[in-house]
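Keep in mind that the numbers below use all heavy atoms, side chains included, and drop hydrogens, waters and symmetry copies. Counting starts at 1 for both ligands and their atoms, following the listed order.
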Amino acid sequence: MAKEKVIAVAGKGGTGKTTFTALLLRYLTNRYRDKAILAVDADANANLNEALGLEVEETISMALDDIKDPRRVPSGMTKDIFMEMRISQAMVESDQIDLLVMGNPEGPGCYCYPNDLLRKYLEQLRVNYDFVAVDNEAGMEHLSRRIINNVDYIIITSDATARGLRSAGRAYNIIKTLKINAGKIFLVVTKTPNGEISALEDEIEKTGLELLGTVPADDMVVEFDLNDRPLFQLPDDSPAVQAVAAIAQKLQL
Ligand SMILES: Nc1ncnc2c1ncn2[C@@H]1O[C@H](COP(=O)(O)OP(=O)(O)OP(=O)(O)O)[C@@H](O)[C@H]1O
Ligand SMILES: [Mg+2]
């Protein structure tokens, strides 16, 4: 079986990470009806599920909190087995996409042990999939703890402003210091007015990132978000849908 392709999306708050991830997943499910796809919401303030139109009851954090308290591990069960059971309970299965939501780590104390378990578990899990797409939070918690290591592509999103691009450049520098094993790191400029970015060429250059593509400001995205409709259901003629499809094709996904 071919090795799974892992794509992580990172970037400043509100730059369109979740929108991009949802539309990437939309592209992959439409193109490959028979491939296994895992979506990971690594944002503590999780909302990828809403963009996908999926209900979530359990998160990884809830499972990790249980592991931390030995009284909650049933007697006769090892912590590892209990963890595996709890994490599989947190998996939301839909037609084509399985979704894991990291959730919000609660309470004080060290998460080293559960993090190590989670890392190990994800390593085992990912090989069951053809594609894994990870929607990260602006703070890049999970990237920095290297819960998800060995990614093929990291996509840093920036809105179409000079300030946004400088922030993307800083995110890139942080990611480089994390020593994540990433195949390639790209820039995607989002919410561009009519796809126009020529005024930003200098700033793009200064980020040191390779520009993979742009996602135009799309009224349909705004309208769907306004009416609380899953972005996953955007029509084929949405400019954002088409732009993300072109980006996915560029990556040969
Ligand atoms: N291509 C687009 N066209 C128009 N609006 C967009 C586009 N992409 C994102 N938006 C809007 O920008 C806002 C932020 O988008 P999104 O939630 O995808 O960003 P994010 O980076 O995931 O944010 P957060 O850091 O809060 O998780 C939303 O209101 C969304 O509707
Ligand atoms: Mg988001």
Side-chain angles (χ1 to χ4, degrees), residues 7-27 39-54 56 59-61 92 97 99-105 132-144 148 153-161 163-172 174-175 185-197 200 207 209 211-248 250:
I7 305 108
V9 184
K12 199 166 97 121
T15 52
K17 298 180 291 295
T18 301
T19 303
F20 183 88
T21 309
L23 296 185
L24 180 65
L25 289 162
R26 183 193 182 283
Y27 172 83
V40 180
D41 189 341
D43 190 342
N45 189 355
N47 63 3
L48 179 64
N49 67 299
E50 289 169 11
L52 299 176
L54 299 174
V56 175
T59 67
I60 297 284
S61 291
V92 181
I97 297 176
L99 171 67
L100 261 189
V101 179
M102 294 294 197
N104 194 3
V132 182
V134 186
D135 179 16
N136 285 281
E137 67 187 348
M140 301 189 287
E141 251 314 278
H142 292 95
L143 279 178
S144 63
I148 304 131
Y153 303 118
I154 296 180
I155 290 176
I156 301 180
T157 53
S158 167
D159 55 19
T161 66
R163 210 160 4 114
L165 284 162
R166 287 194 284 271
S167 169
R170 285 192 294 273
Y172 181 36
I174 293 169
I175 288 172
I185 306 178
F186 290 107
L187 172 69
V188 167
V189 181
T190 61
K191 303 189 241 185
T192 56
N194 308 316
E196 178 53 44
I197 48 159
L200 295 169
T207 63
L209 282 156
L211 178 66
L212 181 62
T214 60
V215 182
D218 181 344
D219 288 343
M220 281 193 239
V221 171
V222 177
E223 189 200 309
F224 269 57
D225 278 342
L226 184 69
N227 294 303
D228 203 17
R229 289 179 66 187
L231 295 173
F232 202 69
Q233 291 168 11
L234 277 168
D236 289 341
D237 63 355
S238 137
V241 165
Q242 290 177 357
V244 175
I247 287 171
K250 218 164 158 184

Could you find the nearest protein heavy atom to [atom] and give me its residue, atom name and distance?
{"atom": "atom 25 (O) of ligand 1", "value": "Lys17 NZ, 2.8 Å"}
{"atom": "atom 19 (O) of ligand 1", "value": "Gly16 N, 2.9 Å"}
{"atom": "atom 27 (O) of ligand 1", "value": "Asp43 OD2, 3.3 Å"}
{"atom": "atom 30 (C) of ligand 1", "value": "Asp225 OD2, 3.1 Å"}
{"atom": "atom 23 (O) of ligand 1", "value": "Gly14 N, 3.0 Å"}
{"atom": "atom 3 (N) of ligand 1", "value": "Asp218 N, 2.8 Å"}

Stepwise side chain to side chain contact (heavy atoms under 4.5 Å, CB included) test for Asn49 and Val92
CA-CA 9 Å; Asn49 67 299; Val92 181; over 6 Å; no

Are [X] and [Y] side-chain neighbours, meaning at least one heavy-atom pair lies under 4.5 Å?
{"X": "Phe186", "Y": "Ile247", "result": "no"}
{"X": "Asp237", "Y": "Gln242", "result": "yes"}
{"X": "Lys191", "Y": "Thr161", "result": "no"}
{"X": "Asn45", "Y": "Glu137", "result": "no"}

Within-cut-off N or O pair, [X] and ligand 1, under 3.5 Å:
{"X": "Val222", "result": "no"}
{"X": "Thr18", "result": "yes"}
{"X": "Ala240", "result": "no"}

Test: Asp236 and Arg26 ion pair at under 4.0 Å:
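Between Arg26 and Asp236 there is a salt bridge, with a charged N closer than 4.0 Å to a carboxylate O.
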
Take Ile155 and Ile7 through the side chain to side chain contact (heavy atoms under 4.5 Å, CB included) test and state the conclusion after the steps.
CA-CA 7 Å; Ile155 290 176; Ile7 305 108; 4.0 Å; yes

Near [X], which atoms of ligand 1 are under 4.0 Å from a heavy atom of that residue?
{"X": "Gly13", "answer": "25 (O)"}
{"X": "Ala217", "answer": "3 (N)"}
{"X": "Val215", "answer": "1 (N)"}

Kindly identify the option in Asp159, Thr19, Val9 whose heavy atom sits closest to atom 18 (O) of ligand 1.
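That would be Thr19.
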
Which option out of Glu223, Lys191, Lys12 puts a heavy atom nearest to atom 10 (N) of ligand 1?
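Going through Glu223, Lys191, Lys12 one by one, Lys191 has the nearest heavy atom to atom 10 (N) of ligand 1.
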
Run the contact test for Ala138 against ligand 1 with a 4.0 Å cut-off on heavy atoms, strictly below, and give the result.
no

If we only consider heavy atoms of Pro216, is any one of them less than 4.0 Å away from an atom in ligand 1?
yes

Under 2.8 Å from the Mg ion (ligand 2) - does any N, O or S atom of Thr18 fall there?
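Of the N, O and S atoms in Thr18, at least one lies under 2.8 Å from the Mg ion (ligand 2), which means yes.
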
Answer yes or no: does atom CG of Asn227 have more than 12 heavy-atom neighbours from other residues, nucleotides or ligands under 6.0 Å?
yes

